[in-house]
There are 2 protein chains.
Amino acid sequence: MKRGARTAGGGLSPHVRLWLVTAGDATPFGQGRWLLLAAIDRTGSLRAAAAELGVSYRKAWGDLRKTEKALGVQLIETRRGGRDGGDTRLTANGRRWLVAYGRFRARVERSVMRAFAATFKDLQP
Amino acid sequence: MKRGARTAGGGLSPHVRLWLVTAGDATPFGQGRWLLLAAIDRTGSLRAAAAELGVSYRKAWGDLRKTEKALGVQLIETRRGGRDGGDTRLTANGRRWLVAYGRFRARVERSVMRAFAATFKDLQP
DNA sequence: TCTCGATATGCACCGTCATACATAACGAAG
DNA sequence: CTTCGTTATGTATGACGGTGCATATCGAGA
């Protein structure tokens, strides 16, 4: 379905990055963490999730670590060992954040498309 | 007036980055270029504008260059020499982009605040 | 014609951040 | 108790982007 975005002016398309930060903390919760949680939910594995997103396991793991610390919330639950080596699943809170951010993003994205169309209708690049 | 943002859940606040890209070009028009144009409009000087934004003149100049090339539009008009060394002003197109992006951003920001409040009302970090 | 401050532009350095690499720990199944 | 794949974590290498610095150009006014 092409991540495209309608072009109003010329070959011009709008992009948006949306994230949340806690009080003084520098670690954000944004699209990256969101995609990561989604991939974990799908695959049941942090390693698989990282691979799916084309990001290193090292980074994915560190990101989650920092985010959980920043939010003060446990997002994932991991198990090690066993035939399959282990797995990673979302906690109830993890799924809550996944859903909330998804909704948040969807709403804003719709608004971005509307605002873009309205604002750049006549601006020819 | 503090870039703050209402906190709905805890010390949580939403942030957004908005930008536009042309067809295949990697050079975006976003908040940075927008602030730069605004500062130029206020000060009448690229050097002063860069200083005001706390960014190096080198970068400010390069950014404008790339953006004008990417958009295929002349945004500024510069003069060199004279008692004051010269100055930089916005072209009619420059001002048009300044205004358009400002409106675009304002609309989206309002929507972000609304969506954030609605989505993260009950999510305690 | 000399001066002064801003525009114009190349280049070397440096901080940041992700990747790559190297291990270690774990534990069910065989 | 050995194997195997995953989680867990430190360290180093490398790409990228901004800063700093150097230098050139310009032109009205003194």
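Chain naming here is simple, since letters A, B, ... match the order of the sequence lines and numbering starts at 1 in each.
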Between [atom2] of [N] and [atom1] of [X], the distance in whole Å:
| X | N | atom1 | atom2 | result |
| --- | --- | --- | --- | --- |
| B/R33 | D/dG17 | CZ | P | 11 Å |
| B/L53 | D/dT19 | CG | P | 11 Å |
| B/L64 | C/dT7 | CG | P | 11 Å |
| B/L75 | C/dT7 | CG | C1' | 17 Å |
| B/E77 | C/dT7 | CD | C1' | 14 Å |
| B/Y57 | D/dG17 | OH | P | 21 Å |
| B/W61 | D/dT19 | CH2 | P | 15 Å |
| A/D87 | C/dG27 | CG | C1' | 12 Å |

**Asked** Under 3.5 Å, is there an N or O donor on one side and an acceptor on the other linking the side chain of B/R58 and the base of D/dG17?
**Response** no

**Message:** Does B/R80 contact D/dT25 through a side-chain donor or acceptor facing the base, at a distance under 3.5 Å?
**Reply:** yes

Does a side-chain N or O of [X] approach OP1 or OP2 of [N] to a distance below 4.0 Å, or not?
| X | N | value |
| --- | --- | --- |
| B/R79 | D/dC26 | no |
| B/T78 | C/dA6 | no |
| B/R83 | C/dG5 | no |
| B/R65 | C/dA8 | no |

Please output the side-chain donor-acceptor pairs of residues 69-79 of chain A that fall under 3.5 Å, not counting sequence neighbours, one pair per line with the distance.
{"unit_1": "A/Q74", "atom_1": "NE2", "unit_2": "A/I76", "atom_2": "O", "d": "3.0"}
{"unit_1": "A/R79", "atom_1": "NE", "unit_2": "A/D87", "atom_2": "OD1", "d": "3.2"}
{"unit_1": "A/R79", "atom_1": "NH2", "unit_2": "A/D87", "atom_2": "OD2", "d": "2.7"}

**Prompt:** Under the criterion ring pair (Phe, Tyr, Trp, His ring centres under 6.0 Å), which of B/F104, B/Y101, B/W19 is the partner of B/W34?
**Reply:** B/Y101

**Request:** I would like to know whether B/R103 and A/T119 meet side chain to side chain donor-acceptor pair (under 3.5 Å); could you show each step before the answer?
**Result:** CA-CA 7 Å; B/R103 269 205 248 279; A/T119 313; over 6 Å; no

**Request:** Hey, which sits more toward the 5' end of DNA chain C by its nearest nucleotide, A/K59 or B/T88?
**Result:** B/T88

**Prompt:** If you pin A/D63 and B/G81 to their nearest nucleotides in DNA chain C, which one's is more 5'?
**Reply:** B/G81

**Prompt:** Touch check for A/G86, heavy atoms < 4.0 angstrom, all strands: base, sugar-phosphate only, or nothing?
**Reply:** sugar-phosphate

**Side-chain heavy-atom pair A/S45, A/T88 within 4.5 angstrom cut-off** = no

**Asked** Hey, is CZ on A/R107 packed in by over 12 heavy atoms from elsewhere, all under 6.0 Å?
**Response** yes

